Trainee: 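Dropping a structure here in structure tokens format, bear with me for questions.
Proteins get letters first, then strands, A, B, ... in listed order; numbering begins at 1 in each. Predicted, not measured: the structure shown is a model, and the values here were computed from it.
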Amino acid sequence: MPATARNLTPKSPEHPLEDLIRSDRIPHIWCPGCGIGTAFSAALTAMKTSGLDLQKTCMVSGIGCSGRAAGYVKLDSFHTTHGRAIPFATGLKLGNPALNVVVFSGDGDLFAIGGNHFIHAARRNMDLTVICLNNLNYGMTGGQVAATTPFHARTTTTPSGNPDAPFNLPLLAWASGATYVARWTILHTRELTECIQKAILKNGFSFIEVLGPCPINYGRRNKEKSLQTLKMYQERTIIRNNPQMDDLDVDFTKQVVLGEFVDKDRPTCIENYDKTCRILE
Amino acid sequence: MTGDEACAEGALAAGCRFFGGYPITPATEIAEHMSKRLPEVGGTFIQMEDEIAAMASILGGAWAGQKSMTATSGPGFSLMMENIGLGVCTETPCVVVNVQRVGPSTGLPTMGAQADMMQARWGSHGDYRIIALAPMSAQEIFFQTITAFNLSERYRTPVFIMTDEIVGHMSEKVIIPPADRIITEWRPKPSGRKDRFLLYKPGKNGVAPMPAAGEGYNVHVTGLTHDEKGYPVMSVEAQEQMMDRLCRKIDDNLDDIIMTEAHHLDDAEVVLVSYGISARTSLAAMQQSRAMGMKVGFLRLITVWPFAQRQIAALAERVKALVTVEINLGQMHLEVTRAAAGKTPCHLVGHAGGTIISPDQVIATIKEVY
């Protein structure tokens, strides 16, 4: 490039989330058409606009594509073992209750190998915000069946279709005692960002399910191009706040319900521990 | 108090303020004692949903800035192995107590053994170094728990206390010194510009300073192979550098880490090697053999890992035989044999677990090899 042309090239504008991203780790590993980046930036935007002290805010991830989020956020960030983000985050929060702890991980990580930890953290009402990017399969390992894969969907380990039923994650979260539960798709970024912000600012166990496409590993095997998935997110979803919790299955052959499903208050794990176990002076 | 209670009191004296546990015989009393005592001293106890979670939680607690601990027995130790590896890889100080019972599997839950010694060394996948101590009494478990915390803070690594059901459940007199007589160490803290801080750049003793979450260092902590900054790097070179750092901080400080106790080694013709509860058997066997006129010595391993290779190798040069006494079918015996390198015959007095070894059994072997 001649010198004059170089001088004329405008300086590329700074990314609005520059201060929250480890730009020295970009490019990220996420595939073209993947939904994680959108959910990730919604989470970062929510953190930034929430007014929280970001120095006291941490992100904890497990293993998988979504688990890589902790590696890109310029906060104290912990990329733990497979399924164990929540118990690690529990120790972090109990070790220093002044920290705001956000868990960002995938459906395979949080609900198959980590399922037990999820229900117990919700039961205790641990003051965590858990954001689950649900792409309906194990993307990192090449597209195997997950605890969230729809009935009959094809994956590399269900070549004739998934014989099992998937979890209804909001129902599971609600039944386990979560005090805030919402679901959006990556197409609904505004609502998603608002709900994440609400969840972060709320005391207690908050859970946000984000539906995002995995065109390379899931879409390809289920005749779903990236854009088609997004079209489904637009056309076959309905927003319904406070719905019947057992109507929340992710089944795009019918309608998938999005919205804010639970928003209630009960004492957190730490509040209960302090009241019950500590000797009052 | 019992060994288990003394262990818990030792942890509190060391400054432990977070315990994530899960009940298991014969370690439950440690969790019970911590659940009562921690809130009294401003700490936090939580009973997690399993040992996997317990181990994960104490790593989180450590990164929150607390001295953290868990306690378990064989089956739980197996479950903890995954996150013990994370603790080693991320150089997270914490203490894990294994009150050993008989295995494999559920085994004999209420009976003692020392059969997790190799699991302690190699239980988590991959290459690594580990520090493990083995106390022989309630009084010693109190002090060793403090030492374990100090070593874990000094070397930024998980440290094990490999005790057993017998020490754990035995009631003995324990003297707790005043707090100002107890030396407690803390992980080195970073200084200098926060934006230039490197999470794994070793300091003087090969150990990097460690900030806590929330202090403004924006640390990235990962179980992936990482560089000095903590960032994942998928290369053979990065793996070599990381492993070199992880191993050297232990290997270069063996004199500081390895503690042994020598009894009558100077004139000994046969030397017993033992640790934990079997050290008491060995002491008795040594004394009785000496009374019978046999020159028997005893090397007690206080630190079992890293192994006291140099001490054993030196003994092997000049004694008639080495006899390892342990409640298993030969684990540290393998290490003794390896370190002796064929210079002297190595024998094992051990059994499949469930009871203490009697001094008579040891004396019988001494007589055979003397």
Trainee: Test the A:Arg25-B:Tyr231 pair against the cation-pi criterion, namely NZ or CZ under 6.0 angstrom from the six-membered ring centroid and within 45° of the ring axis.
Mentor: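 Because its charged atom sits under 6.0 Å from the ring centre and within 45° of the axis, A:Arg25 does stack over B:Tyr231.
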Trainee: Under a 4.5 Å cutoff for heavy-atom pairs, which residue among B:Leu59, B:Asn83, B:Thr44, B:Ile46 has the most contacts with chain A?
Mentor: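 Most pairs with chain A among the choices: B:Thr44.
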Trainee: Using non-hydrogen atoms only, which part of A:Leu94 is less than 4.5 Å away from chain B: side chain, backbone, both, or neither?
Mentor: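 Contact with chain B involves both backbone and side-chain atoms of A:Leu94.
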Trainee: Among B:Gly43, B:Ser68, B:Ser35, which has the most heavy-atom pairs under 4.5 Å with chain A?
Mentor: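 Answer, by heavy-atom pair count under 4.5 Å with chain A: B:Gly43.
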Trainee: If you count heavy-atom pairs under 4.5 Å between each of A:Arg124, A:Met59, A:His82, A:Arg123 and chain B, which one has the most?
Mentor: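 So the answer, after comparing A:Arg124, A:Met59, A:His82, A:Arg123, is A:Arg124.
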Trainee: Looking at B:Gly223, B:Ala213, B:Gly61, which makes the most heavy-atom pairs under 4.5 Å with chain A?
Mentor: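 Maximum pair count with chain A is reached by B:Ala213.
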Trainee: Measure from the ring center of A:Phe88 to the ring center of A:Phe78 and say whether it is less than 6.0 Å.
Mentor: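 Here the rings of A:Phe78 and A:Phe88 have centres that are less than 6.0 Å from each other.
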Trainee: Check whether any side-chain heavy atom of A:Ile119 lies under 4.5 Å from a side-chain heavy atom of A:Leu172, and answer yes or no.
Mentor: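 The answer is yes; the side chains approach within 4.5 Å.
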Trainee: Please say whether more than 12 non-hydrogen atoms of neighbouring residues, nucleotides or ligands are located less than 6.0 Å from CZ in A:Phe40.
Mentor: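 Check passes, neighbour count above 12.
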Trainee: Is it the backbone or the side chain of A:Thr90 that comes under 4.5 Å from a heavy atom of chain B, or both, or neither?
Mentor: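 Side chain only.
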Trainee: Test A:Arg84 against every option in B:Glu51, B:Glu82, B:Glu49 by the salt bridge (charged side-chain N to carboxylate O under 4.0 Å, His left out) rule and name the one that passes.
Mentor: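 Of the listed options, the one satisfying the test is B:Glu82.
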Trainee: How far does OH of B:Tyr200 sit from NE2 of B:His226, to the nearest 0.5 angstrom?
Mentor: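 Output value for this atom pair is 4.0 Å.
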Trainee: Look at B:Lys249 together with B:Glu91 and state whether they make a salt bridge at an N to O cut-off of under 4.0 Å.
Mentor: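 A salt bridge links B:Lys249 with B:Glu91.
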Trainee: Looking at B:Ile58, B:Asp50, B:Thr90, which one has more heavy-atom pairs under 4.5 Å with chain A than the rest?
Mentor: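 That would be B:Asp50.
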Trainee: Looking only at heavy atoms and a cut-off of under 4.5 Å, which of A:Asn96, A:Leu75, A:Thr57, A:Asp53 has the most pairs with chain B?
Mentor: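 The answer is A:Leu75.
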Trainee: Examine whether an atom of B:Lys229 lies under 4.5 Å from a heavy atom of chain A, and if so say whether it belongs to the side chain, the backbone or both; otherwise answer neither.
Mentor: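 Looking at B:Lys229, just its side chain touches chain A.
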